[in-house]
There are 2 protein chains.
Amino acid sequence: MATIREVSRLARVSPATVSRVLNGTTPVAPPTRERVLQAVAALDYTPNAFARGLATNRSGGIGVTVNEVSSPYFGAFVFGVEQVARENGLHLMVSSGFADAQSERTSIDFLLSRRCDGLVVQAEGLADEDLIDLVRRGPAPVVLFGRAVAEIEDVCVVMRNERGGAMAAEYLLAHGHRRIAHVTGPLSFPDARERLQGYRRALEAAGAGYDERYVVESDFREEGGARATARLLERVPDLTAIFYGNDQMAAGGMRTLREHGRDVPGDVSVIGFDDVFLARYLTPTLTTVRQPLIDMGRAAAHLLLNRLDHKRREVVHRFDPELVERQSVARIVR
Amino acid sequence: MATIREVSRLARVSPATVSRVLNGTTPVAPPTRERVLQAVAALDYTPNAFARGLATNRSGGIGVTVNEVSSPYFGAFVFGVEQVARENGLHLMVSSGFADAQSERTSIDFLLSRRCDGLVVQAEGLADEDLIDLVRRGPAPVVLFGRAVAEIEDVCVVMRNERGGAMAAEYLLAHGHRRIAHVTGPLSFPDARERLQGYRRALEAAGAGYDERYVVESDFREEGGARATARLLERVPDLTAIFYGNDQMAAGGMRTLREHGRDVPGDVSVIGFDDVFLARYLTPTLTTVRQPLIDMGRAAAHLLLNRLDHKRREVVHRFDPELVERQSVARIVR
DNA sequence: TCTTGCGATGAAAGCGATTTCAGGCACAGT
DNA sequence: ACTGTGCCTGAAATCGCTTTCATCGCAAGA
């Protein structure tokens with residue numbers, strides 16, 4: 001592996017000049033510049049990232065921790081982050097947090113110890129205070145995804161979940177439904193609470209009334225969705241529609257409905273949340289509230305870049321949900 | 001940020017001793033050791049990764065390039081790699097290759113320039129020779145996923161695709177099918193060719209005969225699967241079963257079948273390949289040939305670790321497919 | 001008592017870049 | 001001809017760690 005020293009000798013200049021040519025920090029006379037570039041090419045020289053990092057204290061990489069890199073939901077988000085990183089010559093260091101405070105802390109420390117220049121954090125386990133502290137006192141710029149913390153709102157990229165929840169409920173109402181159930185994610189998650197809130201607001205605004213018996217808390221997972229649905233069918237068998245807090249629970253729920261002989265959407269209409277790609281594959285295909293995850297990933301990355309290079313890219317912090325109509329909701333005819 | 005120098009002063013030892021305590025390279029007298037550890041704790045010291053890298057020429061990170069991090073297929077694989085990396089205190093640097101030679105090369109160079117200690121590469125665009133060259137002459141150990149290159153077999157982690165293809169066909173044969181179609185992935189991919197090969201072998205072995213008209217080449221994607229299926233229905237409407245080269249194409253295919261009024265599995269049985277999580281969500285749930293992706297990710301990581309630390313972990317290089325029975329295949333009764 | 005040997009520690013030399021500081025050179029102005 | 005002004009370039013310090021090599025002290029053996 002060639003070093004800057006060897007390049008400088010071949011080009012008959014000092015290492016400093018080579019550095020200047022490569023980084024464009026100081027103008028270099030064209031002929032000199034040319035000699036350097038030729039030497040670089042001849043030796044196939046690549047600067048040593050360690051040495052560079054040691055000298056500049058920047059790594060050229062950004063860290064990402066999400067719940068699980070491998071889930072379609074976070075995968076799409078990470079994909080957006082990666083796009084922007086790559087466009088800007090940065091690399092990605094990833095570490096999964098598994099929605100657990102301890103594990104998230106480990107991941108973050110891990111990435112920071114690798115001296116990444118900035119961090120994109122999607123944390124479900126850590127407390128608000130921890131995040132505020134990280135953002136305010138941490139050694140590198142941090143942006144947060146999927147969580148709006150009031151004190152540090154300017155570094156958060158989130159969905160308008162409340163609006164999304166309302167949207168789902170309004171859509172069902174508009175299709176003639178009145179007895180609309182809701183399977184929420186864990187209410188310890190702000191996302192889940194906000195969606196519930198929106199659902200409630202929409203029902204009340206429509207004069208359909210909010211009834212606690214129609215709401216079951218679950219876990220954002222397929223199995224949980226299936227169980228919650230069984231509970232609902234027992235408790236309020238007259239329901240005509242169910243709004244699920246995410247698509248995975250909707251998938252589980254649709255299975256349970258089928259097992260109980262309820263046709264979707266003939267007997268019960270179903271609406272999900274997220275629009276992970278799964279939604280298009282279900283039968284019937286799932287009507288759902290879309291989160292523009294890739295765009296959100298891009299936004300998070302841009303926000304981080306802004307803090308890194310102090311430029312002012314326009315960044316959307318709060319994304320609007322969008323209703324994707326498919327086949328799982330039917331109009332009530334009486 | 002504290003440096004080793006400050007720690008050494010607080011502990012009243014030399015930096016060398018601090019380094020020795022932290023790395024365990026040389027025994028240090030217990031009392032000294034204790035003082036050092038206390039100083040480390042007191043200053044909340046973390047070694048500077050750049051300086052360490054510069055001195056040792058190791059980064060503590062491994063690079064991964066796959067087609068797309070965000071796809072469920074590669075996501076699962078990356079997840080396995082991450083598990084092992086984390087267990088061994090390594091971090092992951094990722095970069096997507098998008099199944100394009102140019103892009104893959106960029107990704108690899110990018111990761112190597114970041115001086116990762118080793119590389120896990122899943123390449124679909126690069127030629128065998130490029131990969132051989134990379135493995136033989138590259139600056140860091142490389143292992144390959146999803147591609148068996150004869151000359152460097154010892155660094156490849158692959159599926160027995162041919163066996164998987166045969167397995168799928170045999171399963172259909174065992175269920176009484178004779179007119180079995182196959183939608184392959186791009187035949188430029190060895191995976192796709194091998195699965196086709198297995199399919200053919202099984203048919204011929206069963207005396208069912210191999211007929212080219214029953215085979216359509218597609219692109220491993222949902223839309224492609226849908227189109228290929230339409231073509232098949234036109235060309236050989238008497239088919240009773242279709243074996244798809246992957247689950248995504250099967251998903252698209254099932255949609256087309258439904259649109260053409262063919263019930264699955266009543267009229268046409270369907271079998272997929274991969275067992276990405278999607279398979280469980282389709283209606284009917286998809287019978288498929290499972291690839292143990294997480295295990296393969298773990299194996300690839302272990303293989304890489306072997307080359308990094310020269311230990312001898314037992315690693316499986318060729319994974320056996322496994323047939324997952326669900327609902328999309330019916331027995332033919334006549 | 002004097003060596004010998006060994007374990008524990010320190011001093012210092014890298015690792016390979018960046019960056020500050022200063023100097024050299026050419027050219028313009030007087 | 002001399003000085004001032006800028007533009008280029010080089011020398012050298014620096015970043016923070018690892019590691020070699022040398023040294024020191026002490027116990028054991030002669």
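Note on residues 308-317 of chain B: pairs passing salt bridge (charged side-chain N to carboxylate O under 4.0 Å, His left out), not counting sequence neighbours, are B/Asp309-B/Arg313.
Defining each end axis of the helix from C/dT1-D/dA30 to C/dT30-D/dA1 as the rotation carrying four pairs' C1' atoms onto the next four, with five pairs an end, the two axes are found to diverge by 60° to 10 degrees.
B/Val28 comes within 4.0 angstrom of the backbone, heavy atoms only, and of no base.
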Can you list the steps and then say if B/Glu82 with A/Glu68 is a side-chain contact (heavy atoms from CB on, under 4.5 Å)?
CA-CA 10 Å; B/Glu82 190 194 1; A/Glu68 269 191 55; over 6 Å; no

Using side-chain contact (heavy atoms from CB on, under 4.5 Å), reason through A/Asn48 and A/Thr3 one step at a time and then give a plain yes or no.
CA-CA 8 Å; A/Asn48 181 312; A/Thr3 72; over 6 Å; no

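A 6.0 Å sphere centred on CZ of A/Arg33 holds no more than 12 heavy atoms belonging to other residues, nucleotides or ligands.
Following rounding to the nearest Å, B/Arg33 (CZ) and C/dA8 (P) show an atom-to-atom distance of 12 Å.
The residue from B/Leu126, B/Asp130, B/Val66, B/Asp109 that alone fulfils the side chain to side chain contact (heavy atoms under 4.5 Å, CB included) condition with B/Glu104 is B/Leu126.
When side chains are defined from C-beta on, A/Asp128 counts as touching A/Arg147, because their heavy atoms get closer than 4.5 Å.
Ring geometry for B/Phe145 against B/Phe77 counts as parallel: the plane angle stays under 30°, on a 0 to 90° scale with 60° as the upper cut.
Under the side-chain contact (heavy atoms from CB on, under 4.5 Å) criterion, A/Ala148 pairs with A/Val158, A/Arg318, not counting sequence neighbours. The side-chain contact (heavy atoms from CB on, under 4.5 Å) search around B/Thr56 returns B/Arg52, B/Arg58, not counting sequence neighbours.
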Starting at the 5' end of nucleotides 10-17 of chain C, put B wherever the base has a protein heavy atom under 4.0 Å, S where only the sugar-phosphate does, and a dash everywhere else.
BB---BBB

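Here the straight-line distance linking atom CG of A/Leu90 with atom OG of A/Ser59 works out to 8.0 Å at 0.5 Å rounding.
Residues from residues 37-44 of chain B that place a heavy atom under 4.0 Å from any atom of DNA chain C: there are none.
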